[in-house]
Protein chains: 2
Amino acid sequence: MQEVATRAGVSLATASFAINGTGARKVSEETRHRVQAVAEELGYRPNAMAQNLSRARSSFIGFITDSVATTPFAGEMIRGVQDAAREHGYVMLMANTESDPRTFHDVASMMLDHQVHGVVYSTWYHRQVSTPTGLSGIPVVLANCYTRGDRLQSFVPDEAGGGRAATEILTAHGHRRIAFINSDLSAPATTGRLRGYRKALQAAGIPFDKNLVLTTTPEQEGGYTAGLRLLQLDPRPTAVFCYNDRVAMGLYDALRTRGLSIPQDMAVVGFDNQEVIAAHLRPALTTVALPHYELGYLSLKWLLREGAPTTGEAPEPTRTLVPCPTVERSST
Amino acid sequence: MQEVATRAGVSLATASFAINGTGARKVSEETRHRVQAVAEELGYRPNAMAQNLSRARSSFIGFITDSVATTPFAGEMIRGVQDAAREHGYVMLMANTESDPRTFHDVASMMLDHQVHGVVYSTWYHRQVSTPTGLSGIPVVLANCYTRGDRLQSFVPDEAGGGRAATEILTAHGHRRIAFINSDLSAPATTGRLRGYRKALQAAGIPFDKNLVLTTTPEQEGGYTAGLRLLQLDPRPTAVFCYNDRVAMGLYDALRTRGLSIPQDMAVVGFDNQEVIAAHLRPALTTVALPHYELGYLSLKWLLREGAPTTGEAPEPTRTLVPCPTVERSST
DNA sequence: GTGAAAGCGCTAACAT
DNA sequence: ATGTTAGCGCTTTCAC
């Protein structure tokens, strides 16, 4: 930078102002242009580290995930966080803990050492987590998870809304006998989707029948066995809302072994919109998408705007529900 | 740090050496312990930015992907790169370009500004890329892609080896009439897997029959239609090697419509080991895994060791083939 | 509108 | 073995 300044015939200070046009100071248009021309010509690049040190604040934000490779979901959140970061001129420092506390501690320290402005902590499936420790002093926001009592701001999928929307696709098609293959896991998705299912039935004036709700492991295998059980019911349901796309995949297999066709003999809707399954099952599966991109995006937006309010007091942390859009394909 | 030094009754310099035990200088065991105790007590954390600035080199490495959310594959590479980075005390700066040249340029600048030691550039599927521009001056290594003439060091999956291994699973089971549903894309995977298939046949003394090689779009849909075509052949093949797991998924559907069972009537092996499909198809699919984790890990290892040799000349860049391990399940 | 100069928090000669 | 001191590359008062 010294060289740029000299070549442009100005002082170091002026060069600095001219280059990153900090509104604070007035540099004549002419000077600025001259300096910028020289900088361009010399291929000058500011040293981000020196800037950060000097400004006594970095332009880093941290993003911690518990698992990055299990599903493409983490990828969507990464994109969301990254897009929001770039919009604000921040650089994302990402780390994956694989749920190892020691690793978590290490990456938290690393981030603190790099003076991150805040961190978004996320999990690959929606769940409750204990308050992340070791991130003292900087704002933290949770994406796809939340803490007991919502002591920290968080953004999570609106499971109930999604469950309701899924079921309403079925009621809208005139189905009255709608089964729900739920998961046997204790998770917000399990309770939320069930709540949504019941709300939708209620809205359609259909009495809730607990015999139509099965629980199983939320995998293809579970969907298969639950599907078989479902077919024993008399009268048979005409539609099924599945906890997730993998369960629907298993249900497809079960229906197939009985020679039943979808959606004629049985309509089915899934949840998660796992592209590789949902879009490529035969017939393609109607489902509800999880808003991972938005979760990441909104979390970081919040962090940057409300995370460390410069004025006024900090807003009350809340658990913000993010809508799960439906994706209609050919199974309904 | 000044405070730590004062409280421990030593100079700033001694404190610095004591804390990050730079072998360069000798600090008595006793002093070091005293300083470290004080640092601990005060909860002192070094400012990474100041360190980087002072050392005139950062501890950053860059990782650029063209797409991070299409499949879980990117996640595996991220893990690989990150693990290697952490082993060497580096921090990963990640960026996703979504294949947008402008974004690429931006993230490249960002990385340069942060003085990254080098960058690994990766693509989500194995392919040739044009030499990334705008990364002048720093070492670059490619993961899952390569340039014309291999001007840059790269690490890519051994497609031919994988294709051969896949086919040999079939020949080992005694199959002699083995079809190959290949992709209609022009990609290293297409040619490589075919080459491997032919090698395996040859090794087993089976003459190559071009009627047994079909090409189709490498999706479920393509596998389905190709599967139907395959069933018209007389005599019918007894085994099929599919370009990827999605094609195998389609083939499963085709076999099912004809009431054929796997592996009794037809053995099938896929490629990619897309967990969500391969492990959950009925029966579970035997396949070949793509070594994404290793691609990321090895790339960064190379970058750190050979990328910028401190002594001797730079090694000749080569395209290193990384093995694709087979995963045997129940379809063979 | 512009320049001089004092740091930001740390490292690494160079002394002692 | 430890202390002194000069930067690293940039930002930002403060004075002109």
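In what follows, chains carry the letters A, B, and so on, assigned in the order in which the sequence lines appear, proteins first and then strands, with residues in each chain numbered from 1. Worth knowing before you read on, the calculation uses all heavy atoms, side chains too, and leaves out hydrogens, waters and symmetry mates.
Minimum atom distance to the side chain of B:S28 is reached by D:dA1, of the listed D:dA1, C:dT11, D:dT11. Residue A:F17 has its side chain nearest to D:dT13 when only D:dC10, D:dT13, D:dT11 are considered.
Every side-chain contact (heavy atoms from CB on, under 4.5 Å) that A:L12 has, sequence neighbours left out, goes to A:M1, A:Q2. Take A:R7 and apply the side-chain hydrogen bond (donor to acceptor under 3.5 Å, both in side chains) test, not counting sequence neighbours, and it matches A:E3. Here A:S58 pairs with A:N52, A:F60, A:Q115, B:M49 under the side-chain contact (heavy atoms from CB on, under 4.5 Å) rule; sequence neighbours left out. A search for salt bridge (charged side-chain N to carboxylate O under 4.0 Å, His left out) contacts involving B:D66 returns B:R127, not counting sequence neighbours. Partners of B:H126 according to the side-chain contact (heavy atoms from CB on, under 4.5 Å) rule, which considers only residues two or more places apart in sequence or in another chain, are B:N144, B:Y146, B:V156, B:P157, B:E159, B:P188. B:F63 pairs by the ring-ring contact (aromatic ring centres under 6.0 Å, His included) definition with nothing, not counting sequence neighbours.
Looking at which nucleotide of DNA chain D each of A:L53 and B:A15 is closest to, the 5′-most match is held by B:A15.
When rounded to the nearest whole Å, the span between CZ of B:R34 and C1' of D:dT2 equals 11 Å. When rounded to the nearest whole Å, the span between CG of B:N52 and C1' of C:dA12 equals 16 Å. Distance NE2 (A:H114) to P (C:dC10): 13 Å, rounded to an integer number of Å. Taking atom CD of residue A:Q2 and atom P of nucleotide D:dG7, one finds them 13 Å apart after rounding to whole Å. As rounded to whole Å, 16 Å separates atom C1' of C:dG9 from atom CG of A:L112. Taking atom CZ on B:R55 and atom P on D:dA6, their separation rounds to 22 Å, with Å as the unit. Here the P atom of nucleotide C:dG9 and the OH atom of B:Y44 are 10 Å apart, to the nearest Å. One can place CG of A:N20 at 10 Å from P of D:dC10, the figure rounded to the nearest angstrom.
For D:dC8, neither phosphate oxygen OP1 nor OP2 lies less than 4.0 angstrom from any side-chain nitrogen or oxygen of A:N47. Side-chain N/O atoms of B:S16 include one lying less than 4.0 angstrom from OP1 or OP2 on C:dT11. In this model, the phosphate group of C:dT11 is approached by a side-chain N or O of B:Q51 to a distance below 4.0 Å at OP1 or OP2. Listed pair A:T14 / C:dT2 fails the phosphate criterion, with no side-chain N or O lying under 4.0 Å from OP1 or OP2. Residue A:T31 places at least one side-chain N or O under 4.0 Å from the OP1 or OP2 atom of C:dT2.
A donor-acceptor pair shorter than 3.5 Å cannot be found between the side chains of B:T70 and A:E275.
The structure places OG1 of A:T103 at 11.5 Å from CE of A:M110, a figure rounded to the nearest 0.5 Å.
Sequence neighbours left out, not one pair with a member in residues 32-59 of chain B passes ring-ring contact (aromatic ring centres under 6.0 Å, His included).
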For nucleotides 5-7 of chain C, list the nitrogen or oxygen atoms of the protein found under 3.5 Å from its nitrogen or oxygen atoms, one pair per line.
residue, atom, partner, partner atom, Å
C:dG7, N2, A:S54, OG, 3.2

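Residue-environment remark: CZ (A:R57) exceeds the threshold of 12 foreign heavy atoms within 6.0 Å.
Defining each end axis of the helix from C:dG1-D:dC16 to C:dT16-D:dA1 as the rotation carrying four pairs' C1' atoms onto the next four, with five pairs an end, the two axes are found to diverge by 40° to 10 degrees.
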